[in-house]
2 protein chains.
Amino acid sequence: MTNKLNLNNLTKSEEDYLKALFQLLVEDNATKVGNNQLAEYLKVSPASTNNMIKKLKAKEYVISEKYGKLDLTEEGRSIAVRLIRKHRLWETFLCKYLNFTWDEVHDVAEQLEHIKSRKLIDELDRFMDYPKNDPHGELIPNANGEYSVLPKITLSSLLDGDVCELVAVNDGSVSFLKYVSEIGLALSSEIRVLEVREFDKSIRIQFNDVIETVTRKFADNVFVKKVV
Amino acid sequence: MTNKLNLNNLTKSEEDYLKALFQLLVEDNATKVGNNQLAEYLKVSPASTNNMIKKLKAKEYVISEKYGKLDLTEEGRSIAVRLIRKHRLWETFLCKYLNFTWDEVHDVAEQLEHIKSRKLIDELDRFMDYPKNDPHGELIPNANGEYSVLPKITLSSLLDGDVCELVAVNDGSVSFLKYVSEIGLALSSEIRVLEVREFDKSIRIQFNDVIETVTRKFADNVFVKKVV
DNA sequence: TTAATTTGTTAGTCATAGCTAACTTTTTTA
DNA sequence: TAAAAAAGTTAGCTATGACTAACAAATTAA
Ligand SMILES: [Mn+2]
Ligand SMILES: [Mn+2]
Ligand SMILES: [Mn+2]
Ligand SMILES: [Mn+2]
């Protein structure tokens, strides 16, 4: 048990890098994550990530060999999970109690996730009666740091005739989330794939007696579980 | 009307300096505030404050002549008031909804006050139904930036026989606040000054049939309004 | 009114965290 | 398998915001 309790001396940047690396490693289930990939994800230069990775290696949150791929230590993963817990709890709070819509919460949660107070986040969790999912459908890690990834596939991976339930959406883009709501989709919507068009991979879908055509790019950001 | 809307490009440090200067100027009603005084208040070196004051003068939040005293512009005051509003609303939220005690809230609020989202703070205000006072008794500025200082004097300024009501406490020191609660004092307590001792300015006070002797230092941090 | 003390300023240093440009190593492709 | 491309690294620069040490101005005391 590597319980060093060195959780509160991380800078906002260090936290952001650890969370980003975790999301690439675990959530996007990439087999290997490289320096340039991390740089692109964080929208900084490869030189910046290279520099930060050095520091995080010295602090034993990250493992990698020179010119090799990146990985997180147990301690590094644990910090990342705590950040994701905070992020998702705050998003939930903003939607459920402060009248935020699901496209408004991410940017504010990016700030709030860096507030350092164990009591704050655990009490917020209790106050909301331990929610399981955030406003975008993603699972919220619990106070013990137990983390699991929602079983999901992208809408774009389905074939003609498949029926699925919308279980989560990518929360990164405001315009995407607004678009999803506008056409009438929401978490739990049942979606039937009418046709995947060969030419441009656009997809005709049906839900609530509505028929829409969505692009491949759109469908890549919609996460579903198959029903039929 | 100097409404430049340049409110969201300030660093945490810049915000902290403006708030500190405001608190020295307005809340502690100091006639003049100097560079070293600000440095001591913020627990940084005079060189650091001198440097930051230069930057804040360039941005037109602060006014001062070389070797002269410091003052805030309207814009500078406005930023400071918004920070104080955020600080006090968060303190109130933590106490009322998240089971924090009044000695636990200040440090977390120091972090939360720097979160940038107009909607967040105005919705938090609405959620709590527009509270007037924070957990330490201080007035919460409203959404229009209207700010007023609670009419108050220190307990240490009273004389033998005076009777007063506890209206606020200095929220800076955890050990002080714990001490206040422990002896049974709270906001609205009625306190009678039995005797101010010449020798060390210690004060015998009575409240709720309790008689206690408190030091001058203690009484400096207790804010009251006179009843008799 | 001079001398001592306090207050304020400047110069130079450090750490953090970005950047570009140049370079090296690894991987891919022809 | 050699050349090209991609990926990763390094050096050197910038800005922010701390610091100390040295100095100048203003205030206070003698
Ligand atoms: Mn989010
Ligand atoms: Mn989310
Ligand atoms: Mn406070
Ligand atoms: Mn307070």
For [N], take OP1 and OP2 only and decide whether either is under 4.0 Å from a side-chain N or O of [X].
X     : N      : answer
A:K66 : D:dT10 : yes
A:S13 : C:dG18 : yes
A:N36 : D:dG8  : yes
B:S45 : D:dA18 : no
B:K54 : C:dT10 : yes
B:K69 : C:dG8  : yes

Give the ring-plane orientation class for B:W102 versus B:H136, where under 30° counts as parallel, over 60° as perpendicular and anything between as tilted.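 Ring orientation, 0 to 90° scale: parallel.
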Taking the side chain of [X] as heavy atoms from C-beta outward, which of [options] is closest to it?
X     : options               : result
A:T11 : D:dG8, C:dT16, D:dT10 : C:dT16
B:Y67 : C:dA17, C:dT9, D:dC19 : C:dT9
A:A47 : C:dT10, C:dT7, D:dT10 : D:dT10

Can you tell me the distance, in whole Å, between the [atom1] atom of [X] and the [atom2] atom of [N]?
X     : N      : atom1 : atom2 : answer
B:Y17 : D:dT16 : OH    : P     : 14 Å
A:N50 : C:dT24 : CG    : C1'   : 12 Å
A:L10 : C:dA17 : CG    : P     : 10 Å
B:N35 : D:dA24 : CG    : P     : 18 Å
A:Q37 : D:dG8  : CD    : P     : 8 Å
A:K59 : C:dA17 : NZ    : C1'   : 13 Å
B:E40 : C:dT7  : CD    : P     : 9 Å
B:I53 : C:dT10 : CD1   : P     : 13 Å

So what does B:T49 touch, heavy atoms closer than 4.0 Å: a base, only the sugar-phosphate, or nothing?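 Nothing: the residue B:T49, judged by heavy atoms under 4.0 Å, touches no strand.
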Can you confirm whether more than 12 heavy atoms, excluding those of B:K178, are under 6.0 Å from its NZ atom?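 No, the 6.0 Å shell around NZ holds no more than 12 heavy atoms from other groups.
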Is the CD atom of A:E40 crowded by more than 12 outside heavy atoms at less than 6.0 Å?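 It does not: A:E40 CD has 12 such atoms or fewer within range.
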With a 4.5 Å limit on heavy-atom distance, are the side chains of A:F100 and B:L120 in contact?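 The answer is yes; the side chains approach within 4.5 Å.
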Decide whether B:Q23 and B:Y41 meet the rule of one side-chain donor and one side-chain acceptor closer than 3.5 Å.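 Per modelled atom types, B:Q23 and B:Y41 side chains form a pair under 3.5 Å.
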First of A:P46 and A:E14 reached from the 5' end of DNA chain C, by closest nucleotide: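 So the residue in question is A:E14.
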